[in-house]
Amino acid sequence: MALPIVAIIGRPNVGKSTLFNRLAGRRIAIVSDIPGTTRDRVSTDARWRDLRFILVDTGGIDPRAGDAIYREVQAQTASAIEDADVMILVTDASEGVTAGDRDAVDQARRSGKPVVLAANKAESERRALATVEFYELGLGDPLPISAYHGHGIDELMEKVAESLPAEIESEEPERVPRVAIVGRTNVGKSALLNAIAGKTRSIVSPIPGTTRDPVDTLYRYKEQDLLFIDTAGLRRRGHIEPGIEKYSALRTIQAIERCYVAILVLDASEFVTAQDTHIAGYIEDAGRGAVIVVNKWDLAPELNLETKDVERSIRRRLQFLDGAPIRFTSAIERTGIPSLLSAIVDVHEQWRRTLEPEELRRVLMEALAAHPPPSEGRRETRIYRVVQRRTGPPTFVFHTSDPDRIHFSYRRYLENCMRQAFGFEGAPLKLEFVSRR
């Protein structure tokens with residue numbers, strides 16, 4: 001399921017960026033008393049209690065702004081509203097309702113999306129009581145908050161959580177697997193999708209960044225439907241241009257969150273770069289199945305490349321995707337496609353795999369017999385049992401006498417034992433340790 005998008009909107013200089021930084025938990029947006037400081041959208045992954053979402057800051061809504069920069073700000077804000085699942089419309093309790101607030105309300109209402117009204121800078125009781133004035137905007141109860149001091153934030157986020165559309169991910173096995181094609185710019189992602197689909201589905205160009213929005217393509221492989229999501233390339237964070245490219249990067253991250261299996265496309269002429277490891281980290285954090293593709297393999301003879309040497313190099317640089325299968329393709333010559341498709345289906349099956357409790361218990365007992373958990377002093381650390389909590393990704397809960405004393409190295413040992421016994425090629429394993437009590 002894709003992470004929901006929460007956009008912070010409003011007229012200039014009402015404290016949108018301060019609220020963004022408060023919800024993000026760190027200073028990301030530039031905060032200033034000068035109206036219009038935020039000219040582009042700033043986004044980050046955020047969490048409030050058990051709710052994960054993408055938080056987007058925007059420039060101020062001011063239809064009367066005349067210069068080209070401000071017109072671009074308005075266009076960017078309109079795009080943020082279009083993609084948002086819910087909006088927080090921020091007003092200034094110290095100034096009351098203004099014409100700019102009404103303009104912002106009109107734009108938000110036209111979208112038809114849920115809107116939560118926040119009256120910011122309500123630090124004092126007098127200002128909090130004065131927020132009743134904002135009822136005239138017709139957006140329901142105005143919530144008095146102080147983004148600077150952190151007052152009223154829990155109440156605000158409770159209202160945001162209630163306003164998010166209900167999404168329930170089906171556990172039915174016949175659900176069409178979603179496959180995201182991700183990687184740096186200009187590594188041949190769109191060409192690879194076209195080679196798979198057998199026709200031109202995405203625009204292919206040597207100019208990096210041609211693809212801006214995710215493109216979905218349904219493809220049938222051996223009685224199995226696969227939904228491919230082509231995405232824009234991700235550059236290093238400091239190299240992402242403002243505007244359309246920045247939001248394309250956000251949508252690429254969303255595509256990873258939305259998919260079941262991610263294809264990380266590398267360029268045979270320059271693998272593995274720091275940005276490739278960065279994207280692989282997104283895949284790992286999202287808990288998605290992974291297939292690594294070395295594209296442009298038609299250049300291998302010219303570059304004197306051997307498959308075994310390339311595989312060793314990739315495994316060394318992408319250690320956290322160690323179990324992911326590696327496939328070699330040429331989108332131009334349409335070679336390696338059947339092997340790639342077979343790997344995608346296999347990884348998806350492993351990602352959704354359920355183990356028999358007896359087999360799981362047997363492997364645990366054998367692992368404990370070979371190497372018991374390290375103990376400190378006279379206190380012996382015990383692991384009593386393990387159960388599979390869910391699939392997609394496979395998640396296992398270990399009941400132990402003291403979870404805090406299970407060292408990272410021993411967690412890795414248990415994961416390796418499970419992989420040796422059951423495979424799980426390309427699927428991340430989530431191991432959780434809880435107290436027996």
Exercise for the section: Classify the side-chain pair Arg353/Thr391 by whether it contains a donor and acceptor separated by less than 3.5 Å. Expected result: no
Practice task
Please confirm whether the backbone N or O of Gln319 pairs with a side-chain atom of Arg317, one donor and one acceptor, at under 3.5 Å?
Solution key: no
Completion exercise
Heavy-atom nearest pair, Leu55 first then Ala24, reads CD2-N, 4.0 Å
Exercise for the section: Kindly determine whether Lys16 and Asp57 satisfy salt bridge (Lys or Arg N to Asp or Glu O under 4.0 Å), including the steps that lead there. Expected result: CA-CA 7 Å; Lys16 298 186 298 298; Asp57 188 20; 5.9 Å; no
Handout entry: Side-chain (Arg419) to main-chain (Glu425) donor-acceptor, under 3.5 angstrom
Key = no
Handout entry: Non-hydrogen side-chain atoms of His399 and Val387 separated by less than 4.5 Å
Key = yes
Exercise for the section: To the nearest 0.5 Å, tell me how far Arg315 CZ sits from Leu318 CG. Expected result: 9.0 Å
Practice task
Using the test ring pair (Phe, Tyr, Trp, His ring centres under 6.0 Å), find all partners of Trp297 that sit at least two apart in sequence or belong to another chain.
Solution key: Phe328
Practice task
Would you sort out whether Ile344 and Ile263 count as a side-chain contact (heavy atoms from CB on, under 4.5 Å), showing the intermediate values?
Solution key: CA-CA 8 Å; Ile344 293 169; Ile263 302 175; 3.4 Å; yes
Handout entry: Non-hydrogen side-chain atoms of Phe422 and Leu355 separated by less than 4.5 Å
Key = yes
Problem - Spacing of CD1 belonging to Ile406 relative to CG belonging to Asp404, to within rounding of 0.5 Å - result: 9.5 Å
Handout entry: Student check: side-chain heavy atoms of Phe433 and Leu414 closer than 4.5 Å
Key = yes
Exercise for the section: In plain terms, say whether Lys430 and Glu415 are close enough for a salt bridge, that is, a side-chain N and a carboxylate O under 4.0 Å apart. Expected result: no
Handout entry: Side-chain ion pair, Glu270 and Arg184, N-O less than 4.0 Å
Key = yes
Side-chain polar contacts of residues 148-158 - donor-acceptor pairs under 3.5 angstrom, sequence neighbours left out - could you list them?
from: His149; atom 1: ND1; to: Ser146; atom 2: OG; distance (Å): 3.0
from: Asp154; atom 1: OD1; to: Trp48; atom 2: NE1; distance (Å): 3.3

Exercise for the section: Mind running salt bridge (Lys or Arg N to Asp or Glu O under 4.0 Å) on Arg352 and Glu349 for me, showing each step along the way? Expected result: CA-CA 5 Å; Arg352 299 299 298 252; Glu349 290 178 353; over 6 Å; no
Exercise for the section: Taking all non-hydrogen atoms of both residues into account, name the closest pair between Leu429 and Met418 and its distance. Expected result: CD1-CB, 4.2 Å
Fill in the blank from the handout: In short, Gly336 meets Thr329 closest at the heavy-atom pair O-CG2, 3.7 Å
Handout entry: Leu340 vs Ile196 side-chain heavy atoms within contact, under 4.5 Å
Key = yes
Practice task
Inspect the surroundings of CZ in Arg220 and state if more than 12 heavy atoms from other residues, nucleotides or ligands are less than 6.0 Å away.
Solution key: yes
Practice task
Among Asn120, Ile88, Val116, Val160, find the residue that satisfies the side chain to side chain contact (heavy atoms under 4.5 Å, CB included) test when tested with Leu143.
Solution key: Val116
Exercise for the section: List the atom of Val347, the atom of Ala290, and the distance in Å for their closest heavy-atom pair. Expected result: CG1-N, 3.8 Å
Practice task
I would like to know whether Tyr219 and Val179 meet side-chain contact (heavy atoms from CB on, under 4.5 Å); could you show each step before the answer?
Solution key: CA-CA 11 Å; Tyr219 180 80; Val179 184; over 6 Å; no
Practice task
Count the heavy atoms belonging to other residues, nucleotides or ligands that lie under 6.0 Å from CD1 of Ile332, then report whether that count exceeds 12.
Solution key: no
Practice task
Report yes if some heavy atom in the side chain of Gln350 is under 4.5 Å from a heavy atom in the side chain of Pro394; otherwise report no.
Solution key: no
Problem - Stepwise side-chain contact (heavy atoms from CB on, under 4.5 Å) test for Ile145 and Leu19 - result: CA-CA 9 Å; Ile145 68 168; Leu19 178 60; 4.1 Å; yes
Problem - Side-chain donor-acceptor contact under 3.5 Å, Thr395 with Arg389 - result: no
Problem - Non-hydrogen side-chain atoms of Asp103 and Arg11 separated by less than 4.5 Å - result: no
Practice task
Classify the angle between the aromatic ring planes of His348 and Tyr260 as parallel (below 30°), tilted (30 to 60°) or perpendicular (above 60°).
Solution key: parallel
Exercise for the section: Calculate, to the nearest 0.5 Å, the distance between atoms CD and CZ belonging to Glu257 and Arg178 respectively. Expected result: 11.5 Å
Completion exercise
So CZ of Arg288 and CD1 of Ile256: to nearest 0.5 Å the spacing works out to 9.5 Å
Handout entry: Heavy-atom neighbours of Arg412 CZ exceed 12 at 6.0 Å
Key = no
Handout entry: N/O donor-acceptor pair under 3.5 Å between Ser342 side chain and Pro338 backbone
Key = no
Problem - Pairwise distance CG(Leu192) to CG(Asn295) - rounded to 0.5 angstrom - result: 5.5 Å
Handout entry: Side chain proximity check, Leu264 to Val293, heavy atoms < 4.5 angstrom
Key = no
Exercise for the section: Indicate whether the side chain of Thr91 and that of Asp101 have a donor and an acceptor atom separated by less than 3.5 Å. Expected result: no
Problem - Backbone of Ala274 reached by a side-chain donor or acceptor of Thr277 within 3.5 Å - result: yes
Exercise for the section: Any chance you could measure Ser190, atom OG, to Ile181, atom CD1, to the nearest 0.5 Å? Expected result: 8.0 Å
Exercise for the section: Kindly determine whether Lys113 and Asp85 satisfy side-chain contact (heavy atoms from CB on, under 4.5 Å), including the steps that lead there. Expected result: CA-CA 7 Å; Lys113 306 286 183 66; Asp85 293 295; over 6 Å; no
Exercise for the section: Answer with yes or no whether the side chains of Asp276 and Thr273 bring together a donor and an acceptor at under 3.5 Å. Expected result: yes
Exercise for the section: For Thr131 and Ala128, indicate whether the former's side chain and the latter's backbone hold a donor-acceptor pair under 3.5 Å. Expected result: yes
Handout entry: Ala122 to Pro144 - nearest heavy-atom pair and separation
Key = CB-CB, 3.9 Å
Exercise for the section: For Arg127 and Glu123, run salt bridge (Lys or Arg N to Asp or Glu O under 4.0 Å): C-alpha distance rounded to whole Å, both residues' side-chain angles, the deciding distance at 0.1 Å, then the answer. Expected result: CA-CA 7 Å; Arg127 285 188 182 178; Glu123 291 87 359; 3.2 Å; yes
Practice task
Determine whether Ile292 and Ile314 make a side-chain contact, defined as any pair of heavy atoms from C-beta on separated by less than 4.5 Å.
Solution key: yes
Completion exercise
Closest non-hydrogen contact found for Gln224 with Val345 is CG-CG2, 4.2 Å
